[in-house]
Amino acid sequence: MSSDFESYEQDFAVLTADVTGRIARVPKLLGDEKKQMVASVEKQLEEARELLEQMELEVREIPPQSRGMYSSRMRSYKQEMGKLEADFKRSRIAYSDEVRNELLGDDGNSSENQRAHLLDNTERLERSSRRLEAGYQIAVET
């Protein structure tokens with residue numbers, strides 16, 4: 001059973017990495033490209049949710065003495081999923097701000113560009129921190 005769980009974990013890691021990359025590109029796209037990317041990300045987020053459900057079912061079938069370790073991993077995966085969804089929401093809003101600025105004739109001040117870069121870097125740092133914390137948790141549990 002744990003091999004199935006580990007397989008799901010690998011699939012989840014690959015999927016979330018791909019989603020993270022796509023989310024970063026959403027604000028930079030325009031028109032149909034943006035719509036296609038948004039639809040693609042939504043589909044991948046749904047796949048990730050389904051993987052989490054499969055992982056939960058696997059955890060329920062694991063003997064109680066080793067279930068604790070897998071349960072804590074599930075909590076971290078759920079947190080990561082929530083943060084991915086929040087990042088996706090923010091990336092769509094960032095795009096809306098750009099369109100609004102174009103319509104209003106606002107040429108994007110350098111301070112706004114700096115703010116966008118700061119937000120991007122902060123998000124990257126948060127994702128890295130979450131991954132490090134998850135790795136630390138797994139190391140502590142083992």
* To do: Output, in order, the C-alpha distance, side-chain angles, deciding distance and verdict of salt bridge (charged side-chain N to carboxylate O under 4.0 Å, His left out) for R127 and E80.
  => CA-CA 8 Å; R127 284 193 300 269; E80 185 176 349; over 6 Å; no
* Set of salt bridge (charged side-chain N to carboxylate O under 4.0 Å, His left out) partners for D18, sequence neighbours left out -> R22
* Structure fact -> In this structure, CG of D4 is separated from CD of E58 (nearest 0.5 Å) by 4.5 Å
* Give the C-alpha distance, both sets of side-chain angles, the deciding distance and a yes or no for side chain to side chain contact (heavy atoms under 4.5 Å, CB included) between D87 and T20. => CA-CA 8 Å; D87 290 346; T20 301; over 6 Å; no
* **Salt bridge present between E56 and K78 (N-O < 4.0 angstrom)** => yes
* Closest approach of P27 and S91, non-hydrogen atoms and distance? -> CG-O, 3.6 Å
* Residues two or more places apart in sequence or in another chain: which of them pass ring pair (Phe, Tyr, Trp, His ring centres under 6.0 Å) with F88? -> none
* **Residue pair R49 / E85, side-chain heavy-atom distance below 4.5 Å** => yes
* Asked: About how many Å separate CD of Q10 and CG of L51, when rounded to the nearest 0.5 Å?
  -> 11.5 Å
* Asked: Rounded to the nearest 0.5 Å, how far does CD of E6 lie from CE of M55?
  -> 10.0 Å
* Asked: Listed by chain and number, what are the side-chain contact (heavy atoms from CB on, under 4.5 Å) partners of S128, not counting sequence neighbours?
  -> none
* Dump the intermediate steps for salt bridge (charged side-chain N to carboxylate O under 4.0 Å, His left out) on E46 and K43, then the final yes or no. => CA-CA 5 Å; E46 183 59 34; K43 182 180 175 186; over 6 Å; no
* **Test side chain to side chain contact (heavy atoms under 4.5 Å, CB included) applied to R25 and K34, step by step** => CA-CA 9 Å; R25 289 187 287 176; K34 185 234 174 215; over 6 Å; no
* **Spatial distance of atom CG (L15) from atom CE (M81) [nearest 0.5 Å]** => 8.0 Å
* Asked: Does the side chain of R67 come within less than 4.5 Å of R60's, by heavy atoms?
  -> no
* **Test log, rule side chain to side chain contact (heavy atoms under 4.5 Å, CB included), inputs M69 and R73** => CA-CA 6 Å; M69 178 178 69; R73 285 187 193 174; 4.0 Å; yes
* For Q36 and S40, what are the C-alpha separation, side-chain angles and deciding distance, and is it a side chain to side chain contact (heavy atoms under 4.5 Å, CB included)? -> CA-CA 6 Å; Q36 290 173 351; S40 173; over 6 Å; no
* Asked: Under 4.5 Å between any side-chain heavy atoms of D32 and K35, yes or no?
  -> yes
* Which heavy-atom pair separates Y77 from L52 by the least distance, and what is that distance? -> CB-CD2, 3.6 Å
* **Between OG on residue S72 and CD on residue E141, distance to nearest 0.5 Å** => 3.0 Å
* To do: Find the distance between CG (L125) and CG (L132) and round it off to the nearest 0.5 Å.
  => 9.5 Å
